[in-house]
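Scroll down for the structure; my scribbles are underneath it.
The model shown is predicted, which means the values in this text are computed figures rather than measured ones.
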There are 2 protein chains.
Amino acid sequence: MARRYDPERRQRIIDAAIRVVGRKGIAGLSHRSAAAEADVPLGSTTYHFATLDDLLVAALRQAEDGFAKVIAARGGLTDPRSDLATELAAWMREWLAGDRTGVELEYELYLAALRRPALRPVAAEWADDVAALLSRRTDRLTARALVALMDGICLQVLLTGAPYDEDYAREVLARVIPPGPSPRPWSPPPGPPRSDA
Amino acid sequence: MARRYDPERRQRIIDAAIRVVGRKGIAGLSHRSAAAEADVPLGSTTYHFATLDDLLVAALRQAEDGFAKVIAARGGLTDPRSDLATELAAWMREWLAGDRTGVELEYELYLAALRRPALRPVAAEWADDVAALLSRRTDRLTARALVALMDGICLQVLLTGAPYDEDYAREVLARVIPPGPSPRPWSPPPGPPRSDA
DNA sequence: GAGCGTTGTGTACGGCCGTACATATCGGTG
DNA sequence: CACCGATATGTACGGCCGTACACAACGCTC
């Protein structure tokens, strides 16, 4: 149904918005700044995204997709023979290494859900997706706890400027994981597909 | 011109800024909105706080002080006979109960350090203070991990809108705490007082 | 009480913002 | 082709913003 002159116009605006947020933060995102970054007129951004929340939702969704692809490309934490805590601690090191901009961008969009109810379903999806990924290596409760703990560790690094301590992360992640080679693995039951619209 | 020297002028502006952030978020805070809330002229806010970061630093510091006082008034987690995980899980329930505004306000100011380096020392102080509080019941590494885990759990509740699950929180907090009645307690060594200016 | 630095106040300027809206262009339909 | 709805654009309005700055009121020192 949707016939567009420029089918990539909307996508270009989202990409531009992500770049703007990465460079200037959410506070620096506006219909105008996104339009300038995407090299489209102002009316184009206001047409495709009536409110800034709409644009942020699209940006968060896209950042989430990119994140999932990076995880998948990295092997997806699927090798049951590796130590999960070690693997997660190393992954956080890579994630936090060097340039802050990538992590900063993703956490800023994620944390924006605190004050923007429109973002909460997308943030919940993100957390659920990561937990589901980890659920292939441990039980659901543990997976949720690992996500929470990793979030907390990353945030302490990002918020306080403290260096990332991989040994510490591995140690406490290991404490959360119940002992045993592959305890209580869990597979999602069949159900209706999640609405992604 | 009805002009009196008001030594509490600065304090009133900080209080007003906190109310504004609580009601409209950091995005709604400006020299003007703080001035209106405090019922002082615009020039008064710009005089005492040249930049918004200055005002946010003062607000975060004050929120931190208020938080510490609430903890202290609650007994300060000092009873070594109680179960620490149970106590922390119950405390989070109280904190998250009912009105989101209080927690939202504190987390919003705290998380603002992600993009505002000026806030990072204050955020670091906050995290250190809470960890120091917990260090009276457990070792330092565990205390840091508990802070990270509690942050992660609270954020998942606040960001996704999911209900708080106290049993889950208690279970995973207990996993982080090493077994034993009062393992590896830790007291801070004497040293120079931390600069609070 | 004269002088001066600190504190407090009013006002104005230029800039960026969301929003609205008239207009233009194209794809599909009848 | 005529038509219409979806897509795209330019422009303008009113509002809030940070900032600057001249000036007023006060505390202090001499």
Under 4.0 Å between any heavy atoms, over every strand shown, what does Leu42(B) touch: base, sugar-phosphate, or nothing? Just pick one. base
Would you indicate, yes or no, if dA8(D) has its OP1 or OP2 atom less than 4.0 angstrom from a side-chain nitrogen or oxygen of His48(A)? yes
What integer distance in Å separates Glu8(A):CD from dT7(D):C1'? 16 Å
From dG8(C), dT9(D), dC17(C), nucleotide with atom closest to Ser30(A) side chain: dC17(C)
Taking Arg100(B) for its side chain and Leu158(B) for its backbone only, find out whether a donor-acceptor pair lies under 3.5 Å. yes
Spell out yes or no: do the side chain of Arg32(A) and the base of dG18(C) have one donor N/O and one acceptor N/O closer than 3.5 Å? yes
Do you know which two heavy atoms are closest between Gly28(A) and Val20(A), and how far apart they sit? O-CG1, 3.6 Å
Check the distance between dG8(C)'s C1' and Arg12(B)'s CZ and give it to me in whole angstrom. 12 Å
Measure NE2/His31(A) against P/dC21(C) and give the value in whole Å, please. 16 Å
Phosphate OP1/OP2 of dT9(D): any Ser44(A) side-chain N/O under 4.0 Å: yes
Check the distance between dG18(D)'s P and Asp54(B)'s CG and give it to me in whole angstrom. 13 Å
For the residue pair Glu106(B) and Trp95(B), establish whether any side-chain heavy-atom pair is separated by less than 4.5 Å. yes
In whole angstrom, what separates Leu52(B)'s CG from dC16(D)'s P? 16 Å
Does the side chain of Leu114(A) reach to within under 4.5 Å of the side chain of Leu111(A), using non-hydrogen atoms? no
d(CG, Asp53(B); P, dG18(D)) in whole Å: 12 Å
For dT9(C), does OP1 or OP2 lie under 4.0 Å from any side-chain N or O of Arg9(B)? yes
When the distance from NZ of Lys24(B) to C1' of dC16(D) is rounded to whole Å, what number comes out? 10 Å
To the nearest Å, how far apart are Phe49(B) CZ and dT19(D) P? 15 Å
Minimum heavy-atom distance between Val172(A) and Ala145(B), given as atom pair plus value: CG1-CB, 3.4 Å
OP1 or OP2 of dG8(C) less than 4.0 angstrom from a side-chain nitrogen or oxygen of Tyr47(B), does that happen here? no
